[in-house]
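Down below is the structure, laid out as structure tokens.
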Amino acid sequence: MTDTMSLPTTLITATRPAPTTRASRPSNGAVPLHADGEHAPGWMRVVGAVLLVGGLGLTAAVLGWPGNGPEAALLVPGLVGVAVGVLLLVARTGFTVTDTHVVLHFRPLPPRRIARRCIAAVRLVEADASTYGGIGLRVGHGVRALILTPGLGIEFTDDRGRVTFVRTRQPEEAFRALR
């Protein structure tokens, strides 16, 4: 039998793990120089709510049909209505400027980080849905736009020549933060 009381022991101090950061939050303790966001306009939320309720109603009617029910193919439009309705209800854009990055948010998609050293030019631009071909996230040949409502926003060009437009509530402050 061994004596466990005579084993040497050492005191180890517990350390906390470093907090994890998400791509949408500034890393290395960087404080945002500018942060702005924009919710979907009221009409878009109303359309999203109608699609969500209609899609849920159609899905419930197809699934709850007694006896020999309608074809399961009717589930597809119901589920598409639910998905599009949820996306329209949660749509938001955001724009954060730190010392090292510009972070673009278009919810529900993951944020996109652009290094500030890669930004070649910045300007204020008045834009609406016809400027970039619609509302929401618009991706074209060398152009990316986040636009939910018409108005003044920030357009910047990176070192590869790609243009990005973001509509913000306070574009002048964002422009000053990027300068």
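One-based numbering along the sequence shown.
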Report whether Val76 and Leu56 are members of the same hydrophobic cluster (ILVMFWY, side-chain heavy atoms less than 4.5 Å apart, transitive linking). no
Minimum heavy-atom separation for Leu74 to Leu58, with atom names? O-CD2, 3.7 Å
Between CD1 on residue Ile154 and CZ on residue Phe165, distance to nearest 0.5 Å: 8.5 Å
Rounded to the nearest 0.5 Å, what separation is found between the CZ atom of Arg162 and the CZ atom of Phe156? 10.5 Å
Under a 4.5 Å side-chain heavy-atom rule over Ile, Leu, Val, Met, Phe, Trp and Tyr, are Leu79 and Val50 clustered together? no
For the hydrophobic clusters of this structure (ILVMFWY residues joined by side-chain heavy atoms under 4.5 Å, transitively), does one cluster hold both Leu51 and Leu87? no
Any side-chain heavy atom of Arg144 sitting closer than 4.5 Å to one from Val163? no
Under a 4.5 Å cut-off applied to non-hydrogen side-chain atoms, are Thr59 and Leu75 in contact? yes
Are Thr157 and Ile119 close enough that some pair of their side-chain heavy atoms sits under 4.5 Å apart? no
Can you tell me how far apart CG (Leu88) and CE (Met44) are? Round to the nearest 0.5 Å. 6.0 Å
Minimum heavy-atom separation for Arg167 to Leu152, with atom names? NH1-O, 3.0 Å
Please determine whether residues Val62 and Val82 belong to a single hydrophobic cluster, defined as Ile, Leu, Val, Met, Phe, Trp and Tyr linked transitively by side-chain heavy-atom distances below 4.5 Å. no
Quick one: pull up NE2 in His105 and CZ in Arg112 and give me the separation to the nearest 0.5 Å. 12.5 Å
Non-hydrogen side-chain atoms of Val86 and Leu52 separated by less than 4.5 Å: yes
If I compare all heavy atoms of Val97 with all of Arg116, which pair ends up nearest, and what's the gap? CG1-NH1, 3.6 Å
I'd like to know if Leu89 and Val47 are part of one continuous hydrophobic network [Ile/Leu/Val/Met/Phe/Trp/Tyr, side-chain heavy atoms within less than 4.5 Å]. no
How many angstroms lie between CZ in Phe95 and CD in Glu173, if you round to the nearest 0.5 Å? 12.0 Å
When rounded to the nearest 0.5 Å, the distance separating CG of Asp158 from OG1 of Thr164 is 6.0 Å
